[in-house]
Amino acid sequence: MLSLAPWAVAAAAAALWLLAVGYRLGWRWRLRAIPLVRPMPPFLGHLKMFRRQPMYLAYEEWQRRYGGIFLCFFGKNPVVVLSDPDLIRQVAVKQFAKFHDRPSIVAMPSGRTRDKRLTAIRSGLLVARGGYWGSLRAAMNPLFHSTALQSYNSVMNSCVGRFLERLQDMSAPAANSGSGPAEGAAAPAAGAEQPAAAADGEGGGGQQHAEHDAQHTAAGGSDAALAALAAPAEPAAPAAPAAPAAPAELDVHALLGRMTLEVIGTAAFGVDFITEGDEQDLKEGKPNLVAAVKAIFSAGNFTPSNGAGVVFRLVPDWMEPLFFVLFLRLFGPMARKLEYARSTLMSTADLLMQAARKQAVARGEEVHMVQTDWRWWSQDWADQNPYKGVTPAPNSVLDMLMRATNKETGRGLLDVQIAAQSNTLIAAGYETTANAIAFAIFCLATHPEAEARLLAEVDAFGTDKEPSLDDAPRFPYVEAVMHEALRLYPPAHTTNRECTAPGGATLVGADGRQYHIPQGVWVHFNIWGLHHSEEHWKEPRAFRPERFLDEDEVASRHPNAFIPFGLGPRNCIGFKFALQEMMISLVRIYQRWTFKLAPRQSQPLPLRMGITLAPKDGLWVTPHPRHTNGIAATAASVTAAA
Ligand code: HEM
């Protein structure tokens, strides 16, 4: 085993430090027109400050101090943070051609690569760059046009149906249940021996939690939701002799995570995406989609401010891929988990794609998919796959992309490119949507007047009808609640771009001041800060859905003050899908249930910043059925009870 002399390690660290400082001084000079967050700590740059408070709260504080544009450093990388909606618009829309890419957390060599895994990683829409991103986005846009969206109504409704069944099972009042529930499972409310979620400051970003948050994130973004997938909850068993029944407490965020994974998994893969997770499959290396998603979300992350991500911010760009390989070697178990996840998801997508292709060809239909030699896994992965012999549904993402054309090449998409999108959609669409619905439920549980107004709208529609996309205009208040929850708690608190134009780009402030952004600089849109800014919102901390209904208030607001799904041609491709899923879920859930916060749920809502912004430690509620003896509890009676 190679042992390094201490002086060699010290010399290497000193060299890295000098390099990072040198890089920063160079950038600082070129970006001198933009206010710099002070102090600028010498080694990690401002990343170190994110150890004290999560990035979104630091950005909010710096926005108050420095205004709508400021500069900070992630190690060697300069990051221009925008909270001014006009400047955001210039980057996202007006000068989009100069900012169409996102920064790579690990700089990958551009151009073709022989590495099959790397090809698969780089093929996803979220990280795609340059002309490839444009042609892929154009090929994928039809998946989210209204005809396609209509076809997702039934998947969404049936997944909400399953959610309601689970809720029903778990909501049986618990009386003296002795056994500890699984996370996400029903728990006895009164006198429960569960550690109460820690009280936190507004937004949950109190300093005392920053360290914990970072570790929690590194260990997995949605542990609660995923624990619920792996261990489906059993209804709490009643004990004898019966004590007075207390309403069951449950983590509704975990249940919602299970539901949104089923929705996006079914839409992406075109098969019934059952979330009966099986740890055993992961251990034995047998393909299991849920275990794979779980492995991805728990295999650590590369967010720049914590874990392994920090390393990449200190070494020169050209060394990043080398460090990536080294990192995977050093962290064997994590590398194995990622390998398992990639092989499971990709081999399953491949299996289903081939089945869909065979069927389409047999029917004489046109298929454009270009077949390549991209498989790295052994035949065992296909042989042991539970979806062997299954054909994906006609309107699934896999099926539709097989027929798409790449505008750049004039040919179909490559098989690896199609398969990579099922991963991407799950990664981008599962946790974000679960968090958004959970935040809406939290807001309604803490605002009975808003809940009553929403119930009245739901009841006017009907208490046993399944809503579809066409019904959306019948739910203006539900929509206002969704928007207000997305404003107060944007699951994507920040989004990003990189300036790729060789000559850079110049942004112009409202006062005429010019800010030159050189090529290679990262730009962040401070969505959280913008959504909470007093400059753009009346009472920004208040939950007031009416602000989205009052025409005067809407007209007086900056049109880009509300950007939970980003902005411009590179905004969230799934935003209509997400809104449709939120609408269908909220209507179906509130047809049957209302929620009160469980005693263990602390307020203000503690938040956890991972890849997304999520309720920390879940959202603990007691569900209350609205139908007693077949009669719906009316909106008025619910308000009175609250
Ligand atoms: C409430 C739920 C969601 C929120 C808050 C959300 C938010 C966002 C945001 C802020 C971005 C970055 C946009 C930008 O940089 O301007 C994004 C990108 C993206 N989202 Fe979503 N999203 C949600 C749900 C979904 C769903 C359900 C899907 C898939 C069906 C999805 C797929 C994507 C993809 C593929 C991208 C990358 C687009 C690109 O780079 O071209 N998202 N999302």
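Whatever order the structure lists them in is the order used to number ligands and atoms, beginning at 1. Just so it is clear, the values below take in all heavy atoms, side chains as well, and ignore hydrogens, waters and symmetry mates.
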Per-atom contacts of ligand 1 with [X], taking only distances under 4.0 Å to non-hydrogen atoms:
{"X": "G429", "value": "25 (C), 26 (C), 27 (C), 28 (C)"}
{"X": "F144", "value": "30 (C)"}
{"X": "P564", "value": "5 (C), 7 (C), 10 (C)"}
{"X": "A436", "value": "1 (C)"}
{"X": "G566", "value": "10 (C), 13 (C), 14 (C), 16 (O)"}
{"X": "T433", "value": "2 (C), 24 (C), 27 (C)"}
{"X": "R497", "value": "14 (C), 15 (O), 16 (O)"}
{"X": "A492", "value": "7 (C), 10 (C)"}

Which one of [options] has a non-hydrogen atom at the shortest distance from [atom]?
{"atom": "atom 42 (N) of ligand 1", "options": "A485, C572, G574", "result": "C572"}
{"atom": "atom 12 (C) of ligand 1", "options": "I527, L126, T495", "result": "T495"}
{"atom": "atom 3 (C) of ligand 1", "options": "F577, F565, W133", "result": "F565"}

* At the 4.0 Å heavy-atom cut-off, does R102 count as touching ligand 1? -> yes
* Asked: Does Q421 come within less than 4.0 angstrom of ligand 1, counting non-hydrogen atoms of the residue?
  -> no
* **D84 and Q63: side chain donor to acceptor below 3.5 Å** => no
* To do: Establish, from distance only, whether the side-chain atoms of R89 and N560 form a donor-acceptor pair under 3.5 Å.
  => yes
* Given the rule in the side-chain contact (heavy atoms from CB on, under 4.5 Å) test, do N153 and I584 qualify, once you have shown the distances and angles that lead to the verdict? -> CA-CA 8 Å; N153 282 326; I584 290 180; 3.7 Å; yes
* Asked: Centres of the F74 and F50 rings: under 6.0 Å?
  -> yes
* Asked: Could an N or O of ligand 1 be found under 3.5 Å from any N or O of E581, whether backbone or side chain?
  -> no
* Trace of the salt bridge (charged side-chain N to carboxylate O under 4.0 Å, His left out) decision for R129 with E498 -> CA-CA 10 Å; R129 292 172 70 93; E498 180 180 326; 3.4 Å; yes
* Asked: Does a side-chain N-to-carboxylate-O contact under 4.0 Å join R166 and E262?
  -> yes
Taking [atom] as the reference point, the nearest protein heavy atom with its distance:
{"atom": "atom 40 (O) of ligand 1", "answer": "R570 NE, 2.8 Å"}
{"atom": "atom 30 (C) of ligand 1", "answer": "I264 CD1, 3.4 Å"}
{"atom": "atom 23 (C) of ligand 1", "answer": "T432 OG1, 3.5 Å"}
{"atom": "atom 32 (C) of ligand 1", "answer": "A428 CB, 3.5 Å"}
{"atom": "atom 38 (C) of ligand 1", "answer": "R137 NH1, 3.5 Å"}
{"atom": "atom 35 (C) of ligand 1", "answer": "I573 CG2, 3.5 Å"}

* Structure fact -> So CZ of F442 and CG of L597: to nearest 0.5 Å the spacing works out to 5.5 Å
* Structure fact -> Between the CZ atom in F562 and the CD1 atom in I527, the distance rounded to the nearest 0.5 Å is 10.0 Å
* **Worked check of salt bridge (charged side-chain N to carboxylate O under 4.0 Å, His left out) between D470 and R474** => CA-CA 9 Å; D470 288 340; R474 303 172 67 171; over 6 Å; no
With under 30° as parallel and over 60° as perpendicular, where do the rings of [X] and [Y] fit, or are they tilted in between?
{"X": "F565", "Y": "F575", "result": "tilted"}
{"X": "H46", "Y": "F73", "result": "parallel"}
{"X": "W522", "Y": "H524", "result": "parallel"}

* Would you kindly specify which portion of L567 sits under 4.0 Å from ligand 1, judged on non-hydrogen atoms: side chain, backbone, both or neither? => backbone
Name each donor-acceptor pair under 3.5 Å that joins a side chain in residues 93-101 to protein atoms two or more places apart or in another chain, with its distance.
unit_1	atom_1	unit_2	atom_2	d
Q95	NE2	T506	O	2.8
D101	OD1	G130	N	2.9
D101	OD2	G130	N	3.4

